[in-house]
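The structure appears right after this line, and notes come after that.
Reminder, nothing fancy here: chain letters follow the sequence lines and each chain counts from 1.
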Number of protein chains: 2
Amino acid sequence: MPDAEGHPERSEIELGAVLSALADPLRRTVIRELLRAEDDVERTCTSFGLWESKSTRTHHFRVLRQAGLVRQVDRGNMRGVTLRRADLAARFPGLLELIAGER
Amino acid sequence: MPDAEGHPERSEIELGAVLSALADPLRRTVIRELLRAEDDVERTCTSFGLWESKSTRTHHFRVLRQAGLVRQVDRGNMRGVTLRRADLAARFPGLLELIAGER
DNA sequence: GCTTAGGTACGAATGTCTACGTACCTTCGA
DNA sequence: TCGAAGGTACGTAGACATTCGTACCTAAGC
């Protein structure tokens, strides 16, 4: 279980990193998907639609994780992905609504 | 007066372009400066602090303009820079507050 | 007319992002 | 035990971003 780490604390989440992460349309799609689900559902990385290759996916989820947008828990076999809804709402109020409202 | 154009309409302002533009700390600084001023003050490009070279500045202001964040009017000699406050507030409510609240 | 200040355009160098293949790891199910 | 599924790590290739220098333009002031 290599680096399941790289999660910043709530107070360490930086606006620049968040905006950079959200600048990519693929990553915005992932966040929008997570926002659509009511509560903080845990999803697998593959469950978001099969665009791109495995390694590319890993890359994008690492960016999201390191920026503080999602949390990934190691389930051995797989990785549970959850949106850090409360942290983001507290740190950057209005941000998630902005993403949710796209398109 | 080369391309003083490249301003998207309000409805054409895309979230992706806006987020990309705001991902850069220099450009966020410019927007924050503009937000600090009460009304839609027209400022020159040079008035934001003298970081970097002239051509780099031009580049960053072009990104901001093409993303729809600022408006640049040709005053012959200089270029008046204004924040597209109303357009942004209408299209992406909460966005500007997010930028203003940084740091 | 000349100079200066504020800007743009273009090209080049450098750097960062994105995407991919390959190899490898871990668990679940046959 | 042997796949197969879900992921990571690493290296690499191509695309895009950032920065700069240089040349050029326009209006204002002398």
Side-chain angles (χ1 to χ4, degrees), chain A residues 1-7 14-31 33-34 41-83, chain B residues 1-7 14-31 33-34 41-83:
Chain A
M1 53 99 236
D3 76 317
E5 268 326 303
H7 293 96
E14 287 193 45
L15 183 58
V18 169
L19 293 175
S20 293
L22 291 174
D24 188 284
L26 257 68
R27 293 194 286 257
R28 274 204 309 287
T29 302
V30 169
I31 299 300
E33 279 275 320
L34 284 167
V41 187
E42 194 171 306
R43 295 187 52 175
T44 147
C45 288
T46 340
S47 68
F48 290 91
L50 359 176
W51 85 95
E52 314 300 350
S53 77
K54 286 207 289 184
S55 32
T56 303
R57 228 171 336 188
T58 301
H59 163 68
H60 285 298
F61 277 98
R62 180 170 46 226
V63 175
L64 288 173
R65 168 171 27 102
Q66 291 180 344
L69 285 159
V70 303
R71 200 176 285 282
Q72 279 180 291
V73 277
D74 204 327
R75 297 250 171 282
N77 202 8
M78 53 187 286
R79 223 127 205 231
V81 182
T82 50
L83 182 61
Chain B
M1 64 117 215
D3 75 316
E5 268 323 305
H7 293 96
E14 286 194 45
L15 182 57
V18 169
L19 293 175
S20 294
L22 292 174
D24 188 284
L26 256 67
R27 293 193 288 255
R28 273 206 308 286
T29 302
V30 170
I31 299 299
E33 278 276 321
L34 284 167
V41 187
E42 194 172 305
R43 296 187 51 174
T44 146
C45 289
T46 339
S47 69
F48 290 92
L50 359 177
W51 85 95
E52 315 300 349
S53 78
K54 286 207 291 182
S55 32
T56 303
R57 229 172 337 189
T58 300
H59 163 68
H60 284 298
F61 277 98
R62 181 170 43 225
V63 174
L64 288 173
R65 168 171 27 103
Q66 291 179 344
L69 284 159
V70 304
R71 199 176 286 281
Q72 278 180 291
V73 277
D74 204 325
R75 298 250 171 279
N77 202 5
M78 53 184 289
R79 223 129 205 229
V81 182
T82 49
L83 182 61

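- Taking the side chain as every heavy atom from C-beta outward, B:Val63 and B:Leu69 never approach each other to under 4.5 Å.
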Summary of protein contacts for nucleotides 2-7 of chain D, nucleotide by nucleotide, where a base hit scores B, a sugar-phosphate-only hit scores S (4.0 Å, heavy atoms) = ---BBB

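- Summarising the geometry, the separation between CG on A:Leu22 and P on C:dT18 is reported as 12 Å, rounded to the nearest angstrom.
- Shown are B:Arg75, B:Arg79, B:Arg71; of these, the side chain to side chain donor-acceptor pair (under 3.5 Å) with B:Glu42 is made only by B:Arg75.
- When side chains are defined from C-beta on, A:Leu64 does not count as touching A:His60, because their heavy atoms never get closer than 4.5 Å.
- Annotation: side chain of B:Leu26 is not in contact with side chain of B:Val30 (no heavy-atom distance under 4.5 Å).
- Residues B:Gln72 and B:Arg62 fail the side-chain proximity criterion, which asks for heavy atoms closer than 4.5 Å.
- Partners of A:Thr44 according to the side chain to side chain donor-acceptor pair (under 3.5 Å) rule, which considers only residues two or more places apart in sequence or in another chain, are A:Thr46.
- With A:Arg27 contributing its side chain and A:Leu22 its backbone, the two residues share no donor-acceptor pair below 3.5 Å.
- In this structure, CZ of B:Phe48 is placed 14 Å from P of C:dG6, rounded to the nearest angstrom.
- Distance CD/A:Glu33 to CZ/A:Arg43: 5.0 Å, rounded to 0.5 Å.
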Pairs under 3.5 angstrom, nitrogen or oxygen only, protein versus nucleotides 14-20 of chain D, please.
from, atom 1, to, atom 2, distance (Å)
D:dT18, OP1, B:Asp24, OD2, 3.4
D:dT18, OP1, B:Arg27, NH2, 3.2
D:dT18, OP2, B:Arg27, NH1, 3.3
D:dT18, OP2, B:His59, NE2, 3.4
D:dT19, OP2, B:His60, NE2, 2.4
D:dC20, OP1, B:Glu52, OE1, 3.2
D:dC20, OP2, B:Glu52, OE1, 2.8
D:dC20, OP2, B:Ser53, N, 3.2
D:dC20, OP2, B:Thr56, OG1, 3.2

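- Between B:Arg75 and C:dG7 there is no side-chain N or O to OP1 or OP2 distance below 4.0 Å.
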